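Because the structure is predicted, anything quoted here is derived from the model rather than measured.
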Amino acid sequence: MAEPGRADLFRYLTAGESQDYIAIMGLFTRTLLTDLSAADVASSMAQDGPVLELDTVELRCRQLVSWGNLVPSLRDARVSTVAEFLRSRSRYQVSKLGGRVHRTALDILLAADGAREVARELLGQIVDSLDRVLSALRNGVDADTVAGEVTAIFNNQRLFNDSARDFYAYLSGVLSRYDLGGEEYAQFKALLLDYVDLITADVNRHAPAVSARLQEVLGALDPLLELLATVRGLAVPDGTVVERAGGRSREDWEELARWYGASGTDSGTEQLRAAAGQALGQLINNAKRLLDSSGTGFSRRADLLRLARRFADLDDLSAHRLFNSTFVAYPARHLLLGPDEPDPRTGPATSWWVSDPIEVPISLRERGDRAIRGRSSRVPDPTADRQRLIAQARREAELRNAAVAELAAVGDLNGARISPAARELLLDHLSKLLAQNATGLTDSDTGLTLTASPGSDTVVGAEDGTITFAGLELRISATSSADIQEEAS
């Protein structure tokens, strides 16, 4: 668990003035024991960095101190004024963790986007260093020499492990791209088959040798640790824990042995083999996707690029036509299926909202192929359909006549309660009346006369709700003979 406040060390990287903070930290980490005042920082930044006012630099430095990246530094200085004395006392140095964070941040900020080469040659160096450590334990040599070999072993192991992690993370990110294809696919196929195979071969060749030598070292670990303890190191008088190089504790060697399979499970070598297998699996999946052009996983990147080039060469009208044709952006309409159509009255002008759903063939739904396959459809006998339609039309006429009779008997519509069918007929007549901008409407088909005049509201109830005509007095009645003659004239 990290100590409280350690996360503040990274805040200068994402703060609003991050460029100023990074430039200031760059000055403090340029050399060892850099001790600068705000004036020194402002002067240096004026030469090769962002130009900042002295007060701004002072504010930035104090903020870095509060985050733990810098620490105050006091130094006697020869000054001529009180103001210079005060400024000279505000000097700063980089803190230990602040410098480490900035070095790591710079490594990431300046790293290339491409793959990182795996330091596979270090595996052989680890074997040689372990041989020299074992020889020293048998024959006895200078402790500093043994300490140097141990430090080299753990540094090489850390560098190899970090480079392998970065490489496989990059490879996994590229191979998981959905649009990988063409020349890029060929390049990464060669990379996977050649370089990954080379890494796996080196690991398979050197890992058993490293593991065997580590078993010998673990058998003589106590004399080795005693020998390393004789090497003069750093000791802080107040008892603060000192970070020591790798290989100075039993846990370091046991962890290194586990990486090379001492525990038999979850070793680093097994993880590398699993990562290579996973990358190969992703490569095969990409190949299957490229070969299976009819599947849903086929990359359309090349098609979209070709379409973009066509859009760039067309005028606006042609571009709109191409867009509609490409993305099937025509208005939705009913597709006719010939004699098998369930309702002969349905045509291309029928809205899909009111028509019955139909089953679209797979070839048309997925590939847009309208070619006719299979046997020809039979010509059905239309007698049954004709009788069904006649019966349906008769029912609709009866319902309409009932609604007409109901409205003709109402008279004054305010407070009337009618059926939903009569209400729909009333709304149909009212819409025609309002469209004509008249006060009265005579419908010769239904034999109804509707009048509307400004006044109080008209409220009409029905089984499924109440409708209010605001500011209109509505009245409906059966059309008289005089009205019919007047309309005809």
CG on Leu225 to OG1 on Thr230, rounded to 0.5 Å
11.0 Å
Would you sort out whether Asp222 and Arg250 count as a side chain to side chain contact (heavy atoms under 4.5 Å, CB included), showing the intermediate values?
CA-CA 8 Å; Asp222 291 336; Arg250 179 179 297 275; 2.2 Å; yes
Could you walk me through whether Gln215 and Tyr260 pass the side-chain hydrogen bond (donor to acceptor under 3.5 Å, both in side chains) check?
CA-CA 10 Å; Gln215 294 299 327; Tyr260 284 96; over 6 Å; no
Of all the heavy-atom pairs spanning [X] and [Y], show the shortest one and how long it is.
{"X": "Thr151", "Y": "Ala245", "result": "OG1-CB, 4.1 Å"}
{"X": "Ala105", "Y": "Tyr12", "result": "CB-OH, 4.3 Å"}
{"X": "Leu64", "Y": "Ile24", "result": "CD1-CG2, 3.8 Å"}
{"X": "His102", "Y": "Ile22", "result": "CE1-O, 3.6 Å"}
{"X": "Glu117", "Y": "Ser163", "result": "O-CB, 3.6 Å"}
{"X": "Asn155", "Y": "Arg158", "result": "OD1-NH2, 2.9 Å"}

Tell me, please, whether Phe160 has Arg120 positioned over its six-membered ring: NZ or CZ under 6.0 Å from the ring centre and within 45 degrees of its axis?
no
Between Asp35 and Gln93, is any side-chain donor less than 3.5 angstrom from a side-chain acceptor?
yes
Val146/Leu224 under side chain to side chain contact (heavy atoms under 4.5 Å, CB included): CA gap, chis, key distance, verdict
CA-CA 9 Å; Val146 176; Leu224 175 60; 3.6 Å; yes
Which of Thr29, Val94, Leu9 passes side-chain contact (heavy atoms from CB on, under 4.5 Å) with Asn69? Answer is Leu9
Tell me whether Arg248 at atom CZ has more than 12 heavy atoms from other residues, nucleotides or ligands lying less than 6.0 Å away.
yes
Measure centre to centre between the rings of Trp67 and Phe10, then say whether the value is under 6.0 Å.
no
Return the orientation label for the Tyr195 and Phe167 ring planes: parallel under 30°, perpendicular over 60°, tilted otherwise.
perpendicular
